[in-house]
Amino acid sequence: MNVQIMCREHQFPPGTKFRAVVELIRQRLAEEPMIKAIKAKTGQDHIVFVLNGRIIREPAYDQTELQEGDDIRWVHPYFGG
Amino acid sequence: MKGVCNKVLKVDLSSGTCKPEKVPDKVYEYFLGGAGMAAYYMWKECPAGTTAFNPANRLTFASGPLNGAAQSGAGKWSAGAISPAFNLNSDSAATASFGIAMKQAGFDAVVCYGRADKPVYVVVDDGRAEIKDASEMWGTDAYQTEDAIHAAQGEDFEVVSIGQAGERLVRFANIQTRKKSFLGRCGLGAVMGSKNLKAVAVRGDNKFQVADPEGLKKLNKAINKRLLEMDNGKPEWLQIQKVGTAMATELFAPQGNLPIKNYSLAGWPEGVEAWHASNYYKKLKVTPWPCKHCVIQCHNKTHVKQGPYAYEGKGPEYESFAMMGFNTMCADVQAISYACELANLYSMDTISLGVIIAFAMEAYEKGLITKADTYGIDLTWGNNEGVVEFTKKIGLRADGIGYLLGEGTKLAAEALGRGATEFAVQMKGQEIAAHNWRAQYISALNYATGCAAGPNHERGNSQHIWVGHITLPEWGIDHVENDERWSWKNAGDRNAKFHDYCNVINSAGHCKFQEFRAYTLSDLTKTLNAIMGLDWTVQDLRECGERITTLQKMLNVRYGWQRGHDFQWPKRFFEPVSEGPAAGKIPIGLGDAIQEYYAVRGWDNDGVPTPELIKRLSMDEYAAGM
């Protein structure tokens, strides 16, 4: 099953929960200095996920199955400057 | 063309006449509006050999197709002219409602040229235009001017105006609107001053028809909802409505991105603490001051009621306090914010002003200038009062060093001599913005190659691949590893894409800050299609960005740009800092990266668009005027 994460194709087995995408992105960004700084201060990374144009948050990560052609974006917590 | 007025207002200040002019559809399809429209009128009407203060210079205030849509961020508009700072094509953007009101008045742009024989302002009232006497406003500040026009014409006019610095041709003079937003960079306020143009006021009831009203309504609703919900659950210091761009302090420090002590230091813990968002919020008692339709609401208003620096007005944004505070090592938040507001009143760009005051402080430290030159003011690093007082001296062009610094860092350094050019942090005559190239080499490439705003952060924004994690996934930049910030890997391609992205945003009439909040190039493409009746893909949008960038480059060639201008870097680019995350990092290889950028763009080795590129973009008629 193909989904688009930031417009790039990724394959997941049918039945995969959205949580798998969250973990993938969090792992990829774990060493990014701004994410590290925010996490050290607040205990969370505050990355926001968008599924097909709508924001998705806990607890929906475990309740939502990926669908063929999903458009998934993630957004860094930082703003502006 | 749907969604626009299909005409501009031409204002000949020399003859005192105004007339409308129809704009062909192809101009909108090629350049959209905003920055692209300003460049188009430069190309169409402003001949080679024109310099900034020549009456032939075209100063174009231009809205974009998105202006008027009820979508967050759709209030941005632009102005363009030959810059007094670097005498090449330039543009700058602001928000508030002037762009929207200009379309409601019946025009997509107001193109000003010539020079009035006395101070004037232009009134555009629902399709009718008039040039009025501004003699009594001359000498007042930019906010007083807006107040005077509101009193004379009505509160419902949207106004752009200049203060004393614009009148007196400070080369980094800005233009304000609604006392909260500024065409900050490139010195366009001095172009107004050179034309004896104190202000422009617009209002009207024109209804411009969009191609797909229902589709646009649905898009607006979905996009606004998404952007509005972004900050839910975040701590206050990460909520944009609470602190504006002040959140940058804590997040830029770990990256080594802050400009400190005229860009000579990597860290300053006292400054980071002072300018932390929570302290900013507490000291300035800010409240949101949103632009029309914007749900992000990054602008804020201060409420400092007591003390020597009491004021209610514009809360400084990151670029302002970074340059006026960090770069001068000044940690008194109220004093420096007050100095920024003084700069706004006089109409000066706080980025350039912060650089030039830091330059003066370094000159003072090195003994190139003394108290005998500085009106007795102590210009030691960290002297907050000194920054306040020097803002006044430069803004009012006081005789002596105040006047000289109003010429900008390049000319001031050359006049001072004795090695002053060694620490003048500028390129092409404009001061470097507040993103440190040592934290990501692409900043140096962006500063060196910008086509429309000199060494500006915001007209390329490629630093935000790392600094703010903006990506352009539709155009192939979906994720970049952190350690690539110190390599030139794909830098030419990334820089080119970001320049084109900034140009479509600035021409469409949208605010780039939405992109920090999940606004995508797909959103922009769909919105433009719904408004203008286009059938564009995201790749068509890229081609539009390429056209605008190419036109800007052709204009620069017309006005005397040469390859060597991109290679005259500040010496400080190659002076490493000794500690912090960017310790030892200097952009070795910048020259090769510039050449790669030219190649990626389809420019030749001298940085000039090639016939093949011009053919691919169907721009032969524009190349003829290069």
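Values below: all heavy atoms of this structure, side chains included; hydrogens, waters and symmetry mates excluded. A note on names: the letters A, B, ... follow the listed sequences, proteins ahead of strands, and every chain is numbered from 1.
For B:I470, no part lies under 4.5 angstrom from a heavy atom of chain A. Both the backbone and the side chain of B:N232 come within contact range of chain A, judged by heavy atoms closer than 4.5 Å. For B:D478, the parts sitting under 4.5 Å from any heavy atom of chain A are the backbone and the side chain alike. Heavy-atom distances place no part of B:E317 under 4.5 Å from chain A, backbone and side chain included.
Among the candidates A:Q44, A:M34, A:E31, A:E32, the residue making the largest number of heavy-atom pairs closer than 4.5 Å to chain B is A:M34. Contacts with chain B were tallied for A:K36, A:Q4, A:K41; A:K41 has the most, counting heavy-atom pairs under 4.5 Å. Between chain A and the options B:A433, B:P235, B:A322, B:A253, the largest number of non-hydrogen pairs under 4.5 Å is found for B:P235. For the set B:M230, B:E515, B:Q255, B:K225, the entry with the most heavy-atom pairs within less than 4.5 Å of chain A is B:M230. Here B:L251 is the residue among B:N482, B:D523, B:L251 with the most heavy-atom pairs under 4.5 Å with chain A.
Atom CD of B:E273 has 12 or fewer heavy atoms from other residues, nucleotides or ligands within 6.0 Å. Environment of NZ in A:K17: crowded, with over 12 heavy atoms of neighbouring residues, nucleotides or ligands closer than 6.0 Å. Annotation: A:R8, atom CZ; neighbour count of heavy atoms from other residues, nucleotides and ligands within 6.0 Å does not exceed 12.
Side-chain atoms of B:H479 and A:M6, non-hydrogen and from C-beta on, never get closer than 4.5 Å to each other. Counting only heavy atoms from C-beta outward, the side chains of B:K234 and A:V48 approach each other to under 4.5 Å. Contact annotation: the side chain of B:W237 approaches that of A:I38 to within less than 4.5 Å [non-hydrogen atoms, C-beta and beyond].
At a heavy-atom separation below 4.5 angstrom, chain B is approached by A:G53, A:I55, A:R57 within residues 51-60 of chain A.
Contacts classified as salt bridge (charged side-chain N to carboxylate O under 4.0 Å, His left out) and involving residues 466-477 of chain B (residues at least two apart or in different chains) are given here: A:R73-B:E474.
Taking both residues in full, the closest heavy atoms of A:P77 and B:L238 are given as O-CD2, 3.9 Å, listed atom of the first, atom of the second, then distance.
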